[in-house]
Amino acid sequence: LMCKARPDRVVGLPDGLAIVDLKSTRSAHPGDFRRSMAKYGYWLQPPFYTLALQQASDKEITVKDFVFACVESSEPYATQCFRPHPREKGAVRDRCCQLMDRIAECEDAGTWPSYSDGVDELGLKRWAKERNGIKAS
């Protein structure tokens with residue numbers, strides 16, 4: 001499976017490498033960035049970039065650390081660095097590999113999953129009906 005990765009910074013450590021990924025974000029507050037990690041799939045980057053560096057190298061390399069360097073996109077441009085929780089490392093790596101395997105299967109088969117075939121019914125939510133003056137049925 002051919003993939004691309006562009007880590008922002010790779011730093012040599014005495015016992016391996018550290019990857020730094022710079023993120024521009026509306027808020028670098030821990031709770032807000034945690035939501036951004038989930039929403040935008042940032043949680044997949046540590047295992048993906050690690051695998052990419054290992055595959056691109058002709059020698060054995062070890063990635064010892066991964067850091068998100070967050071910079072807020074508006075004044076005062078606060079910054080905060082985060083490292084993924086080590087307890088989740090194995091499960092996240094496994095999920096990343098599952099997703100990459102699924103992509104490879106789709107490429108091999110030449111078919112990609114989508115929404116359902118045909119025409120589905122779609123009604124408005126209750127709040128949308130109320131907002132638009134439609135009586136609920």
Taking the six-membered ring for Trp, are F33 and F82 parallel (under 30°), tilted (30 to 60°) or perpendicular (over 60°)? parallel
Contact check, side chains of [X] and [Y], non-hydrogen atoms, under 4.5 Å:
X: L53; Y: F48; answer: no
X: P113; Y: C106; answer: yes
X: I61; Y: L17; answer: yes
X: P47; Y: V92; answer: yes
X: V63; Y: I19; answer: yes
X: M37; Y: F68; answer: yes
X: Q45; Y: F66; answer: yes
X: L44; Y: L99; answer: yes

Under 3.5 Å donor-acceptor, [X] side chain and [Y] backbone:
X: N132; Y: A128; answer: yes
X: S57; Y: K59; answer: yes
X: E72; Y: S27; answer: no

Distance-minimising heavy-atom pair for R87 and H85: N-ND1, 3.0 Å
Cluster question for you: counting only ILVMFWY and a side-chain heavy-atom cut-off of under 4.5 Å, with indirect links fine, are Y42 and L51 together? yes
Check residues 2-11 and write down every donor-acceptor pair under 3.5 Å in which the side-chain atom is one partner and the other belongs to a residue at least two apart or another chain.
| from | atom 1 | to | atom 2 | distance (Å) |
| --- | --- | --- | --- | --- |
| D8 | OD2 | L22 | N | 2.7 |

What's the separation between atom [atom1] in [X] and atom [atom2] in [Y], rounded to the nearest 0.5 Å?
X: R35; Y: R26; atom1: CZ; atom2: CZ; answer: 9.0 Å
X: K129; Y: K125; atom1: NZ; atom2: NZ; answer: 10.5 Å
X: Q54; Y: E60; atom1: CD; atom2: CD; answer: 7.0 Å
X: W112; Y: E105; atom1: CH2; atom2: CD; answer: 10.5 Å
X: C81; Y: D21; atom1: SG; atom2: CG; answer: 11.0 Å

Kindly indicate, with the supporting measurements, whether the criterion side chain to side chain contact (heavy atoms under 4.5 Å, CB included) is fulfilled by T62 and D15. CA-CA 8 Å; T62 303; D15 58 345; over 6 Å; no
Start with the C-alpha distance between L124 and I134, add both sets of side-chain angles, then the distance that settles side chain to side chain contact (heavy atoms under 4.5 Å, CB included), and finish with yes or no. CA-CA 10 Å; L124 295 173; I134 300 169; 3.6 Å; yes
Which residues share a side chain to side chain donor-acceptor pair (under 3.5 Å) with D65, sequence neighbours left out: R83
Derivation and outcome, side chain to side chain contact (heavy atoms under 4.5 Å, CB included), residues E88 and W43: CA-CA 10 Å; E88 298 170 355; W43 57 275; over 6 Å; no
Evaluation steps, side chain to side chain contact (heavy atoms under 4.5 Å, CB included), between T25 and S36: CA-CA 8 Å; T25 183; S36 292; 4.2 Å; yes
